Amino acid sequence: NAGVTQTPKFRILKIGQSMTLQCTQDMNHNYMYWYRQDPGMGLKLIYYSVGAGITDKGEVPNGYNVSRSTTEDFPLRLELAAPSQTSVYFCASSPRQGRAGELFFGEGSRLTVL
Amino acid sequence: QKEVEQNSGPLSVPEGAIASLNCTYSDRGSQSFFWYRQYSGKSPELIMFIYSNGDKEDGRFTAQLNKASQYVSLLIRDSQPSDSATYLCAAPAGGTSYGKLTFGQGTILTVHP
């Protein structure tokens, strides 16, 4: 049981480049989330999804896009990367029936934009 | 005002002492609160949650909630070096019932031998 898997773990981008952070979970969780964490800060919600085909913006969605075509996958797309997007990105999931607020996190993807 | 705020830290305590971590929140409608622990370079993991006023104990950890004062705390008794980590307080954003959380900025705890 792998849980939540994110790829890549590390990536360096040049300003203006685009990329996709991949996230997949094998726990059949309905809810999935993308958070970013800047140094010395808590996590901020970028986008979330309550099920396949349904996504919504979180607190800091600008510069990102998501899709949820299957229950398992929730990729995060960065368009026209900017230095402000340098951060650690965490994908997480939670079940429909379960303890509200209990998130299962992936290992994180560290992104640097130069 | 930030919705969830952790003002204390970084915090350094000797091994065996009680570590006290604090969190305040602005949304009076918040019903539940969560404490996540994050080791350096790792992802957060849930260690405690509390829904009701008062104390909730789980092993060496005690969560305390005071809704009148809008205050949540986490006490770690008999602190161990392995407790050294960043502790994140979180509450559901917008009164949601699932994992759409608002996190505080975290408190770095160091337990020294």
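Labels below follow one simple rule: chain letters A, B, ... track the order of the sequence lines, proteins then strands, and each chain is numbered from 1. Everything quoted here is computed from the prediction, not taken from an experiment.
Contacts of B/Glu57 classified as salt bridge (Lys or Arg N to Asp or Glu O under 4.0 Å), with partners at least two apart in sequence or in another chain: B/Arg77.
Looking at A/Leu43, both its backbone and its side chain come within 4.5 Å of chain B, counting heavy atoms on both sides. No part of A/Glu59 comes within reach of chain B, as not one of its non-hydrogen atoms sits under 4.5 angstrom from that chain. Heavy atoms of B/Phe33 lying under 4.5 Å from chain A are absent altogether. With a 4.5 angstrom heavy-atom cutoff, A/Phe104 does not touch chain B via any of its atoms.
More than 12 heavy atoms of other residues, nucleotides or ligands shown are found within 6.0 angstrom of NZ on B/Lys56. The number of heavy atoms from other shown groups lying within 6.0 Å of CD1 (B/Ile18) does not exceed 12. For A/Leu13, the CG atom is densely surrounded, since the number of other residues' heavy atoms within 6.0 Å is greater than 12. Atom CD of A/Glu107 has 12 or fewer neighbouring heavy atoms from other residues, nucleotides or ligands inside a 6.0 Å radius.
The heavy-atom pair separating A/Gly106 from B/Ser43 by the smallest distance is O-CB, 3.0 Å. B/Lys100 and A/Tyr48 get closest at one heavy-atom pair: NZ-OH, 3.4 Å.
Annotation: side chain of A/Leu103 is in contact with side chain of B/Leu101 (closest heavy-atom distance under 4.5 Å). Put simply, the side chain of A/Phe90 reaches to within 4.5 Å of the side chain of B/Gln38, judged on heavy atoms.
The distance from the CE atom of A/Met41 to the CZ atom of B/Phe103 is 13.5 Å, given to the nearest 0.5 Å.
Following chains of ILVMFWY side-chain contacts shorter than 4.5 Å, one cannot reach A/Phe74 starting from A/Phe105, and the two form parts of different hydrophobic clusters. A/Leu78 and A/Leu114 end up in different hydrophobic clusters when Ile, Leu, Val, Met, Phe, Trp and Tyr side chains are linked at under 4.5 Å.
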